[in-house]
Amino acid sequence: YETTAWHEAGHALVQLLLPNSDPLHKVSIIPRGRALGVTMSLPEQDVLNRTKSWFLDYMAICCAGRIGEKIHTSDISTGAAQDIVQATAVARAMVCRFGMSESFGFQSFIEPNVLAVEEAPPPFSQKTAEAIDVEVKTLVDAAYAKATQLLNDNRDKLELLAKTLLEKETLDGREVESLLGLEREHPEETAKPEEPAAPSEE
């Protein structure tokens with residue numbers, strides 16, 4: 001339970017610290033299904049596409065849960081299993097689908113269809129496949145390093161959030177922002193109020 005609090009605090013804190021992340025919606029250490037806790041984000045408007053900057057920050061947020069628990073326990077657990085899947089999938093998509101790799105640039109590398117009836121030849125060479133693996137690892141490692149630096153630099157905030165989660169179990173995003181002094185601007189707060197309509201003359 002305590003490890004879960006540090007894990008989710010890691011996710012939530014890094015999400016607030018990174019400029020390209022979606023706003024934090026809620027963080028909870030109440031188990032849901034197989035998840036021991038949850039940190040939820042919520043875009044403030046419809047999202048039709050994503051930027052490279054968003055993907056890089058998203059991967060760091062994925063890494064932050066494990067780093068948070070490791071800072072507290074000096075050990076790691078299986079709690080980050082899904083985070084690892086998501087971070088790796090994002091990095092591979094950046095390289096293979098979205099042309100967001102420094103090494104490969106504006107190229108697409110579509111993986112073979114595992115459901116195909118006939119075995120298709122690989123769409124790229126073994127050398128390229130190995131280079132893709134290296135690039136994916138480079139992206140994930142950089143995200144892990146970024147999250148580690150942020151959490152070490154903000155250890156006091158991480159500890160405060162973890163302890164507060166142990167007391168309250170669930171916090172919404174605005175509560176976390178206020179607790180940590182990391183308030184973000186929200187569109188509904190910065191929008192100009194509508195001017196009252198002029199009285200009609202009859």
Please confirm whether the backbone N or O of D57 pairs with a side-chain atom of N20, one donor and one acceptor, at under 3.5 Å?
-> no
Only one of L166, T164, L165 passes side chain to side chain contact (heavy atoms under 4.5 Å, CB included) with K168; say which it is.
-> T164
Taking C-beta and beyond as the side chain, do [X] and [Y] meet within less than 4.5 Å on heavy atoms?
{"X": "R66", "Y": "D83", "value": "no"}
{"X": "Y1", "Y": "E169", "value": "yes"}
{"X": "K146", "Y": "L56", "value": "yes"}
{"X": "Q86", "Y": "Y58", "value": "yes"}
{"X": "T138", "Y": "E102", "value": "no"}
{"X": "W6", "Y": "T73", "value": "no"}
{"X": "L151", "Y": "K157", "value": "no"}
{"X": "L18", "Y": "L150", "value": "yes"}

Using every non-hydrogen atom in the two residues, find where [X] and [Y] come nearest and quote the distance to one decimal.
{"X": "F109", "Y": "T128", "answer": "CE2-CG2, 3.7 Å"}
{"X": "D22", "Y": "S41", "answer": "CB-CB, 3.9 Å"}
{"X": "S21", "Y": "I61", "answer": "CB-CD1, 3.6 Å"}
{"X": "I29", "Y": "A5", "answer": "CG2-CA, 3.6 Å"}
{"X": "A147", "Y": "A60", "answer": "CB-O, 3.4 Å"}
{"X": "E135", "Y": "S101", "answer": "OE2-OG, 3.0 Å"}

Let me check something: do [X] and [Y] share a hydrophobic cluster, defined by ILVMFWY side-chain heavy atoms less than 4.5 Å apart, either directly or through other members?
{"X": "V95", "Y": "I84", "answer": "no"}
{"X": "F104", "Y": "V90", "answer": "yes"}
{"X": "V27", "Y": "L179", "answer": "yes"}

Are K163 and E159 ion-paired here, with the side-chain N under 4.0 Å from a carboxylate O?
-> yes
With sequence neighbours left out, write down each residue that passes side-chain hydrogen bond (donor to acceptor under 3.5 Å, both in side chains) with D153, or none if nothing qualifies.
-> Q149
Straight-line distance of [X] [atom1] to [Y] [atom2], nearest 0.5 Å:
{"X": "S74", "Y": "E69", "atom1": "OG", "atom2": "CD", "answer": "11.5 Å"}
{"X": "S178", "Y": "R174", "atom1": "OG", "atom2": "CZ", "answer": "11.0 Å"}
{"X": "E8", "Y": "K26", "atom1": "CD", "atom2": "NZ", "answer": "12.0 Å"}
{"X": "T88", "Y": "L139", "atom1": "OG1", "atom2": "CG", "answer": "10.5 Å"}
{"X": "I67", "Y": "L13", "atom1": "CD1", "atom2": "CG", "answer": "11.0 Å"}

Report, as yes or no, whether the 6.0 Å neighbourhood of atom NZ on K70 holds more than 12 heavy atoms from other residues, nucleotides or ligands.
-> no
Using the side-chain contact (heavy atoms from CB on, under 4.5 Å) rule, take M94 and V136 through it: C-alpha gap first, then chi angles, then the decisive distance, then the call.
-> CA-CA 8 Å; M94 289 176 69; V136 169; over 6 Å; no
Matching residue for S28 among T4, T39, D172, T170 - test: side-chain hydrogen bond (donor to acceptor under 3.5 Å, both in side chains) | T170
